[in-house]
Amino acid sequence: MEPHDRVVVVGGAIAGWSCVAELRRLGFRGRIDVVSREDALPYERPPLSKKFLTGEWDEARLLVATRVADDDGPVVLHPHDPATALDTTNHEILLASGTRLPYTHAVIAAGAQPRVPEGLGGEGVHVLRTREDAVALRAAVRRNRRLCIVGGGFIGLEVAASCRSMGAAVTVIEPYPAGLAARVGAVAAQRLVDRHRSEGVELRWHCAPAPVGALDGDGGLRLDSGEVLERQPILAATGAMPSTGWLAGSGLDIDDGVQCDEFGQAAPGVWAAGDAARWYHPLYRQPLRVEHRLNAAEQGRLVARNMLGAAAPWAEIPFFWTDQYGIRLQVVGRIGPEHRAQSLEGEADGHSFLTVFAHESQPPAIVAWNAAARLTALRRELGLVPSAPADTVRSTPISHARTGSAS
Amino acid sequence: MKVIIEGDACIGSGCCVLECPEVFSQDPEEGTVVVTNATPDASLDEAVHNAAAACPASVITLQED
């Protein structure tokens with residue numbers, strides 16, 4: 001890259017700033033613009049459903065250092081001025097204010113936004129993506145001491161646990177409860193559900209809001225059964241969708257995220273990272289969009305390196321965690337339909353256990369329940385570790401698990 | 001370079017250990033980070049920077065000398 005090159009990063013959160021920091025660390029001193037619909041400075045989102053929601057943490061504890069110094073080169077922020085278009089012909093990003101930013105390289109790190117079922121859009125229905133959302137939700141829970149959560153995924157369950165520690169009554173509505181076991185395995189899923197029940201959470205499994213008229217009338221949420229719940233604040237924790245609507249007409253291939261190759265590139269001079277990006281993953285041999293915190297920083301950094309010519313393919317194994325009631329549940333890898341539970345360390349009903357899920361040709365997955373240190377050691381044993389910068393694509397999949405049968 | 005852990009925000013991902021086991025380890029019970037060498041040799045700079053950048057709770061601060 002040339003010193004007069006300009007990089008425009010759309011998205012001022014973890015993926016975007018990880019890219020900025022890595023560009024500076026690797027010696028790029030040219031102008032970088034950071035465009036954001038929020039305040040263009042990074043903060044941690046995982047605590048929004050946990051310690052920030054309960055009030056244990058204040059806003060200052062969410063903030064993340066940019067790791068960028070003023071004298072390393074110009075970084076121009078565009079807060080509360082979202083990108084409205086990407087012009088690949090003229091190499092410009094258009095902002096809501098009318099500002100046009102020319103780019104040599106554009107990085108789409110625009111993240112995701114809550115996906116709310118049609119019947120739930122409207123006044124009084126909370127979502128949880130931003131700091132502001134969390135502040136509003138916290139106030140509503142404190143005022144009402146009750147919350148109805150639509151969606152029993154990780155956000156919904158984390159908020160449920162937080163509500164219980166706030167002394168609020170909580171109901172969770174989930175139409176497809178099998179989804180949880182698909183993500184963390186049957187044993188961990190059942191233990192989580194059991195724990196929620198024993199903590200007094202009302203779990204309404206196989207229930208959904210009424211498809212029409214869910215919020216009509218003076219009562220609370222109407223379910224598909226016709227039952228009307230008590231009037232109370234409602235949280236729609238029904239998933240997120242990539243923030244790519246503004247890219248319609250850009251000519252980029254958008255399909256549940258910006259389609260990229262294994263280097264994070266979507267088109268000449270155009271890259272994407274984080275929740276908005278769908279990259280080809282050489283180890284899973286398919287495009288993947290990974291909506292986890294760790295991936296945002298990984299892809300942001302990888303885009304920076306590849307923009308500077310590294311040609312380093314994506315080889316990281318996805319990782320996510322959920323903390324509920326002091327339980328630390330972590331998952332390395334993806335449990336797909338052909339993964340089979342292969343080995344168990346610890347007792348499935350004990351304080352701590354790990355399960356390895358093996359696959360013939362894809363990386364194994366590991367579920368760790370209160371077993372974080374052992375998980376790291378096991379990852380090193382199995383080779384499920386970050387690639388060093390000099391690595392090339394592994395030509396054979398990581399499938400030999402020493403804990404179990406031959407690959 | 002000095003390696004500092006900010007507060008108690010660590011979520012036990014082990015990323016730092018995987019990036020730089022010479023400097024980071026995890027408490028065997030809690031899984032939270034333990035810095036075993038707060039002033040690592042310059043040969044570990046790249047690995048330590050990667051660990052700080054990778055941390056999904058942003059708990060690692062690096063103080064340049």
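By convention in this document, chain letters (A, B, ...) are assigned in the order of the sequence lines, proteins followed by strands, and residues within each chain are numbered from 1.
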Can you see which heavy atom on [X] is nearest to which on [Y], and at what distance?
X: B:Ile60; Y: A:Arg67; value: O-NH2, 2.9 Å
X: B:Gly12; Y: A:Ala372; value: O-CB, 3.4 Å
X: B:Cys55; Y: A:Arg293; value: O-NH2, 3.4 Å

Check each atom of A:Glu298 against the heavy atoms of chain B and say whether the ones under 4.5 Å are side chain, backbone, both or neither.
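Neither part.
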Heavy-atom distances under 4.5 Å only: say whether B:Ala52 touches chain A with side chain, backbone, both or neither.
both
Could you look at B:Cys15 and say if it's the side chain, the backbone, both or neither that has a heavy atom under 4.5 Å from chain A?
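Only the side chain of B:Cys15 comes within 4.5 Å of chain A.
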Should B:Glu19 and A:Val385 be marked as a side chain to side chain contact (heavy atoms under 4.5 Å, CB included) after you check the CA-CA gap, both sets of side-chain angles, and the distance that decides it?
CA-CA 8 Å; B:Glu19 292 283 358; A:Val385 298; over 6 Å; no
Is the shortest heavy-atom distance from the side chain of A:Asn370 to the side chain of B:Glu29 under 4.5 Å?
no
Answer whether the closest heavy-atom distance between the side chains of A:His292 and B:Pro56 falls below 4.5 Å.
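Not touching, per the 4.5 Å side-chain cut-off.
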When rounded to the nearest 0.5 angstrom, what is the spacing between OG in B:Ser58 and CG in A:Leu63?
10.0 Å
Spatial distance of atom CD (A:Glu316) from atom CG (B:Leu18) [nearest 0.5 Å]
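The CG atom of B:Leu18 is 10.0 Å from CD of A:Glu316, to the nearest 0.5 Å.
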Quick one: of A:Arg379, A:Glu44, A:Lys51, who has the most non-hydrogen atom pairs under 4.5 Å with chain B?
A:Glu44
Taking the basic N atoms (NZ, or NE/NH1/NH2) and the acidic carboxylate oxygens, is any pair closer than 4.0 Å for B:Asp45 and A:Arg25?
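Not counted as a salt bridge, because no side-chain N and carboxylate O are separated by less than 4.0 Å.
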Counting neighbours of CG on A:Asp70 that are heavy atoms of other residues, nucleotides or ligands and sit closer than 6.0 Å, is the number greater than 12?
no
Mark yes or no for whether [X], through its side chain, and [Y], through its backbone, hold a donor-acceptor pair below 3.5 Å.
X: B:Gln26; Y: A:Leu375; result: no
X: A:Arg328; Y: B:Ile11; result: yes
X: A:Arg301; Y: B:Ala53; result: no

Considering the options A:Trp321, A:Phe319, A:Phe320, which one meets the side chain to side chain contact (heavy atoms under 4.5 Å, CB included) requirement together with B:Ser13?
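One option only clears the test, and that one is A:Phe319.
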